[in-house]
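Written out below as structure tokens is the structure these notes cover.
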Amino acid sequence: VQLQASGGGLVQAGDSLRLSCAASGRIFSRPIMGWFRQAPGKEREFVSAVRWSDRSTSYSNSVKGRFTISRDSAKNTVYLQMNSLKPEDTAVYYCALRANNLALGSVGQPEMYDYWGQGTLVTVSS
């Protein structure tokens, strides 16, 4: 499985961006796809995840209400719509895929994911 993330860039506070992550290769029947981010000098943190089968979603408290995760099954692509961006959202954003189903309460743990994309940089200026 390969994950290709795109859509990052430099924006101003309050702007919006949409990240995409296209999955190719063997696609499992009930995967979980998630977004994580890592700012310089900080650990990787969970942003959001979606369960492919029923579109159930999970968000971190820091992005809830501003970010929306969605998926397009025909394109094997997951999106992260990011609105009202803040300078503290600046980070490299990684998409990840878990091959098998998982309780939403556990989707925030990076070790639960089997595949990772290369990351896309989002920079939000004040």
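- Between Met82 and the options Asp15, Thr68, Leu19, a side-chain contact (heavy atoms from CB on, under 4.5 Å) holds for only Leu19.
- Annotation: the span from Ser24 atom OG to Lys75 atom NZ amounts to 15.5 Å, rounded to 0.5 Å.
- Connection of Tyr79 to Leu85 is not established within any shared hydrophobic cluster, with ILVMFWY side chains joined at heavy-atom distances below 4.5 Å, either directly or through further cluster members.
- Looking at Gln118, its side chain does come within 3.5 Å of a backbone N or O of Ala5 through a donor-acceptor pair.
- A distance of 9.5 Å separates CD of Gln38 from CD of Glu45, quoted to the nearest 0.5 Å.
- The ring-ring contact (aromatic ring centres under 6.0 Å, His included) with Phe36 is formed by just one residue from the set Phe46, Tyr93, Tyr94; it is Phe46.
- No donor-acceptor distance shorter than 3.5 angstrom exists from the side chain of Tyr113 to the backbone of Met33, with no hydrogens or angles considered.
- Rounding to the nearest 0.5 angstrom, the gap separating the CZ atom in Arg44 from the CH2 atom in Trp116 is 5.0 Å.
- When all heavy atoms of Ser48 and Ser58 are compared, the pair lying nearest together is OG-O, 2.9 Å.
- Residues Thr77 and Trp52 share a closest heavy-atom pair of O-CH2, 3.6 Å.
- Of all non-hydrogen atoms in Val122 and Gly8, the two that sit nearest each other are CG2-CA, 4.0 Å.
- A distance of 15.0 Å separates OG in Ser20 from CZ in Arg71, rounded to the nearest 0.5 Å.
- Minimum interatomic distance between Leu97 and Val1 (heavy atoms only, all atoms of both residues): CD1-CG1, 4.4 Å.
- Of all heavy-atom pairs spanning Ala91 and Leu121, the tightest one is O-CD1, 3.6 Å.
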>> Applying side chain to side chain contact (heavy atoms under 4.5 Å, CB included) to Ser106 and Arg98, what does each step give before you reach the verdict?
In response: CA-CA 11 Å; Ser106 299; Arg98 174 181 167 88; over 6 Å; no

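- Closest approach of Leu3 and Cys21 over heavy atoms only: CB-SG, 3.9 Å.
- Listed for the Arg66 side chain is a donor-acceptor partner under 3.5 Å among the backbone atoms of Ser84.
- The main-chain N or O of Leu102 is found under 3.5 Å from a side-chain atom of Arg51 such that the two form a donor-acceptor pair.
- A donor-acceptor contact shorter than 3.5 Å is absent between the side chain of Tyr115 and the backbone of Ala99.
- Under the 4.5 Å side-chain criterion, counting only non-hydrogen atoms from C-beta, Asn101 is in contact with Ile32.
- Leu17 and Leu10 are members of different hydrophobic clusters when ILVMFWY side chains are connected at heavy-atom separations under 4.5 Å.
- For the atom pair Gln12 CD and Ser126 OG, the distance stands at 9.0 Å (nearest 0.5 Å).
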